[in-house]
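Read the structure below first, then the notes.
Side chains included, hydrogens not; waters and symmetry mates left out as well; all remaining heavy atoms used. In what follows, chains are A, B, ... by sequence order, proteins preceding strands, each numbered from 1.
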Amino acid sequence: MTPEELSTAISACLRDAVAAGQISVDVPESVRVERPKSRDHGDWATNIALQLGKKASMNPRDFAQVLATRLADADGVAKVEIAGPGFLNITLEAGAAGELARSIVEAGAAYGTNEALVGHEINMEFVSANPTGPLHIGHTRWAALGDSIARVLKASGANVTSEYYINDAGNQMNIFALSVYNRLHGLPVPEGGYPGGYIKELADAVADAHPDIRNLTAEAALPIVRHAAYVAQMADIKETLNDFGVEFDVFFSEQELHAGGAVEDAVARLREQGHIDDTDGAVWLRTTDFGDDKDRVLIRANGEPTYFAADAAYYLSKKDRGFTEKIYLLGADHHGYVNRLKAIAAAAGDDPKVNIEVLIGQLISVNGARLSKRAGNIIELRDLVNWLGADALRYSLGRYPADSPMTIDPELLKKNTNDNPVFYVQYAHARSRAASRNAVEKGVERTDFDATLLTHETENDLLAALGQFPSVVAQAATHREPHRVARHLELLAGAYHSWYAACRVTPVGDGTVEPIHRTRLWLNDATTQVLANGLDLLGVSAPEKM
RNA sequence: GCCCUCGUAGCUCAGGGGAUAGAGCGUCCGCCUCCGGAGCGGAAGGUCGAAGGUUCGAAUCCUUUCGAGGGCACCA
């Protein structure tokens, strides 16, 4: 019996009790069951009686008694006890939990997928770094997190498109082009330009593609430089993301938005909706109608659209493409945009509480210093991957929630990789594979399976951790918090190691192979599967050997 | 000035109304003649920034306050 099945059984008991007139209360769709901290409290516990007791106008213990009596008769439930103010402590029948090991092995890579978000059409936008330089440490967290969020959303049944918005329009691209142009001619970095060493590499790439570039006038050369440098830079960004295991379905160009007239269309559509003001020669979106603290300019008095106008057009594009939920993953330095982005959604006729979701994450600091690509002292994502390894980096970033401020000490990570829990989890996977290979070699095979043999307390704990996995994935998806998966994998790895120390899959020495060994091989392989499935959600490899 | 996020063990951080607040690292004590010791078992270490409030019950929710980071453009 899995925790989900137990939860379902409890809901059924509640409904039956209502039908029988024993209690009068609205039965929630799902009941949360928790693994109690103390083993004395049984296999699973729920505080549902405490939560519903008051609503049912009953003493929580009396409420618990009604529920306990019914639940004790459910299949797979051995014992139900009422504790404290009205906790229900549930003990399962021997073997009721063990069946899970076989079903996980049979489900394979599909174990953990769930239907929590079936029917959701989600656009997941993240990274969206300007194509004016390499991805750096500031993008690293969003790349890892956004990709993992997309993965847990998909695993929970949502239809997800991962998207990268390329800010390839606007003045910063001109400055970028001028920076490369100056470099080609050995001129100093322009005012406010990009000084990084990568500018030289881009200049070389431009010169390779256009050998005569230095002979052209600035007027003729700049558009060519701009485009060639942009192409080279985007190729570099895509390669870096690929090496980091981050996949995008769509790279969306802001430039094409402008070129295709989408920005003008967006302004016209918002005007039709009645949210446009023409003041001081500029065109304004009245975002204050929707909770923003001031109105925002869409078209400047000089006729140029603002960045915000492109944002509006981009939002409408997402809406037109059928996405009901548009998720933006932004750094804390962008939190000022949240209200106006939501205002766009509202002005477009969407519900800002449902159709748009802006996740704001805290920035990473490195040794207390915040690095800037404009300052030229960047730490590149590519270098971090080469330095620490994609697995360690993905995992260490993926195991913290987005709004948790993080301090990474590269020196510490570099010199002592054992600090990183990724090794604990990967090691558990590699160890379980070794145990399995060894068992097969000694003649232990997954032929028969007898769940009632899995009685050791470490087996109880291990099965519980395995059983919770699908609901952990579902919660990670609904909360957009993949770190829950990472934390659960650490719990699972710990349960596995404890079990491994106490229970043998392979008989000692020349001992005969018993049903218990074969049954344990199922449990071992089920653990392998869940570790691999969970690591995949985090974009981390599951090694056969380490 | 206004707004957002965050203050939990020596360090990095989980937990976000329920039972004795957790993990990793670090420190200390045990455990390889048998499936991977990158492991296991145990110990020490906490007024959950502070003060009020709501509740049967608060690290968790509310208010105030202190501290850290970030944001408040006809920039992108």
Side-chain angles (χ1 to χ4, degrees), chain A residues 34 36-38 40-41 45 47 50-51 53-54 59-60 83-87 89 130 132 167 169-175 192 254 279-284 293-294 296-311 331-339 360-363 365 370 396 399-409 412-413 416-421 423-424 426-428 430-439 441-442 444 458 483-484 486-487 490-491 493-494 496-511 517 520-521 524 545-546:
Chain A
E34 293 180 324
K37 284 166 196 152
S38 166
D40 300 337
H41 296 153
N47 63 357
L50 289 162
Q51 291 178 347
K54 183 178 282 184
N59 178 310
F87 293 102
N89 292 333
N130 291 350
T132 54
N167 295 132
N171 197 43
Q172 89 280 3
M173 287 302 291
N174 296 331
I175 294 170
E254 181 190 355
T279 307
D280 299 333
V283 180
W284 301 69
D293 51 0
K294 58 167 72 168
R296 306 291 170 178
V297 171
L298 289 168
I299 308 293
R300 299 183 190 109
N302 66 9
E304 287 292 314
T306 60
Y307 183 82
F308 182 59
D311 272 346
D333 55 339
H334 285 65
H335 103 264
Y337 301 159
V338 176
N339 279 341
I360 291 296
Q362 295 293 306
L363 301 176
S365 60
R370 203 186 132 206
S396 55
R399 74 188 290 265
Y400 301 109
D403 56 9
S404 169
M406 273 185 77
T407 305
I408 280 188
D409 183 346
L412 187 71
L413 278 180
N416 187 0
T417 50
N418 286 346
D419 283 357
N420 196 320
F423 290 97
Y424 186 75
Q426 285 188 317
Y427 178 69
R431 195 185 209 188
S432 72
R433 288 299 301 133
S436 185
R437 286 190 298 266
N438 190 279
E441 199 174 303
K442 294 283 176 62
V444 182
T458 59
H483 78 275
R484 290 164 184 262
R487 299 288 169 167
E490 289 162 32
L491 175 77
Y496 177 77
H497 288 310
S498 295
W499 172 72
Y500 184 90
C503 301
R504 294 188 58 95
V505 177
T506 306
V508 179
D510 295 330
H517 300 118
R520 282 177 178 158
L521 183 56
N524 181 82
K545 295 177 181 175
M546 292 175 71

Exercise for review: Could you check how far CG of A/N524 sits from P of B/rG36, rounded to whole Å?
Suggested key: 11 Å
Review point. Looking only at atom C1', what distance separates B/rC31 and B/rC13, rounded to whole Å?
Key: 29 Å
Check your understanding: What is the distance from OH of A/Y427 to P of B/rG36, rounded to the nearest Å?
Key -> 8 Å
Check your understanding: On a whole-Å scale, what distance lies between the P atoms belonging to B/rU27 and B/rC11?
Key -> 15 Å
Check your understanding: Looking only at atom C1', what distance separates B/rG57 and B/rC61, rounded to whole Å?
Key -> 13 Å
Exercise for review: Please state how far atom CG in A/N302 lies from atom P in B/rC75, giving the value in whole angstrom units.
Suggested key: 8 Å
Check your understanding: When we call it a touch if two heavy atoms are under 4.0 Å apart, what does A/H497 touch: a base, just sugar-phosphate, or nothing?
Key -> sugar-phosphate
Exercise for review: Respond yes when some side-chain nitrogen or oxygen of A/K294 is under 4.0 Å from OP1 or OP2 of B/rC2, and no when none is.
Suggested key: no
Check your understanding: What nucleic acid atoms does A/A282 come within less than 4.0 Å of, heavy atoms only: base, sugar-phosphate, or nothing?
Key -> base
Exercise for review: Side-chain contact test, heavy atoms from C-beta onward, threshold under 4.5 Å: evaluate it for A/N171 versus A/Y307 and give yes or no.
Suggested key: no
Check your understanding: Reckon A/N339 touches a base, only the sugar-phosphate, or nothing at all at heavy-atom distances under 4.0 Å?
Key -> nothing
Revision key, fill the gap. The glycosidic conformation of B/rC32, counting syn as within 90° of 0 and anti otherwise, is syn
Check your understanding: Over how many whole Å does the gap from A/N438 atom CG to B/rG36 atom C1' extend?
Key -> 10 Å
Practice item. Considering only atom P, compute the distance from B/rG52 to B/rA58 and round it to an integer number of Å. Key: 14 Å
Below 3.5 Å between N/O atoms, which protein atoms pair up with nucleotides 14-19 of chain B? Just atom names and distances, please.
from   : atom 1 : to     : atom 2 : distance (Å)
B/rA14 : OP1    : A/S404 : OG     : 2.5
B/rA14 : OP2    : A/S404 : OG     : 3.4
B/rG15 : OP1    : A/H483 : NE2    : 2.9
B/rA19 : OP2    : A/K37  : NZ     : 3.4
B/rA19 : N6     : A/N89  : OD1    : 3.0
B/rA19 : N1     : A/N89  : OD1    : 3.2
B/rA19 : N1     : A/N89  : ND2    : 3.4

Check your understanding: Reckon A/M173 touches a base, only the sugar-phosphate, or nothing at all at heavy-atom distances under 4.0 Å?
Key -> nothing
Point to revise | A/I175 CD1 - B/rC75 P separation (whole Å) | key: 13 Å
Review point. Which value, in whole Å, describes the distance between the C1' atoms of nucleotides B/rA50 and B/rU8?
Key: 14 Å
Point to revise | Selected nucleotide, minimal atom distance to A/Y424 side chain, candidates B/rA38, B/rC40, B/rC74 | key: B/rC40
Point to revise | Between B/rG49 and B/rC56 - P atom distance, rounded Å | key: 25 Å
Study note, to complete from the structure: With sequence neighbours left out, the residues meeting ring pair (Phe, Tyr, Trp, His ring centres under 6.0 Å) with A/Y427 are A/H497
Practice item. Looking at every strand, decide which applies to A/K442 at a 4.0 Å heavy-atom threshold: base, sugar-phosphate, or nothing. Key: nothing
Practice item. Quick one: the dot-bracket string of RNA chain B, using Watson-Crick and G-U wobble pairs with both distances under 3.5 Å, [ ] for crossing pairs and | for bases paired to another strand. Key: (((((((..((((....[...)))).(((((.......))))).....(((((..]....))))))))))))....
**Study point:** Which residue lies more 5' along RNA chain B, comparing A/H335 with A/A169 via nearest heavy atoms
**Key:** A/H335
Exercise for review: Determine the interplanar angle of the A/Y500 and A/Y496 rings, folded into 0 to 90°, and report it as parallel if under 30°, tilted if 30 to 60°, perpendicular if over 60°.
Suggested key: tilted
Check your understanding: Say you pick atom P in B/rG39 and the same atom in B/rU63; how far apart are they, in whole Å?
Key -> 44 Å
Check your understanding: Please give, in whole Å, the distance from B/rC75 P to A/D311 CG?
Key -> 14 Å
**Study point:** Distance, rounded to the nearest Å, where A/N171 contributes CG and B/rA73 contributes P
**Key:** 18 Å
Check your understanding: In whole Å, what separates the C1' atom of B/rU64 from that of B/rA19?
Key -> 31 Å
Exercise for review: Nearest whole angstrom, please: distance from the P of B/rA73 to the CG of A/D280.
Suggested key: 16 Å
Review point. Under the criteria of a ring-centre distance below 5.5 Å and an interplanar angle below 30°, is A/Y307 stacked with the base of B/rC75?
Key: no
Exercise for review: Determine the contact category for A/A502: base if any of its heavy atoms lies under 4.0 Å from a base atom, sugar-phosphate if only primed atoms, P, OP1 or OP2 are that close, otherwise nothing.
Suggested key: nothing
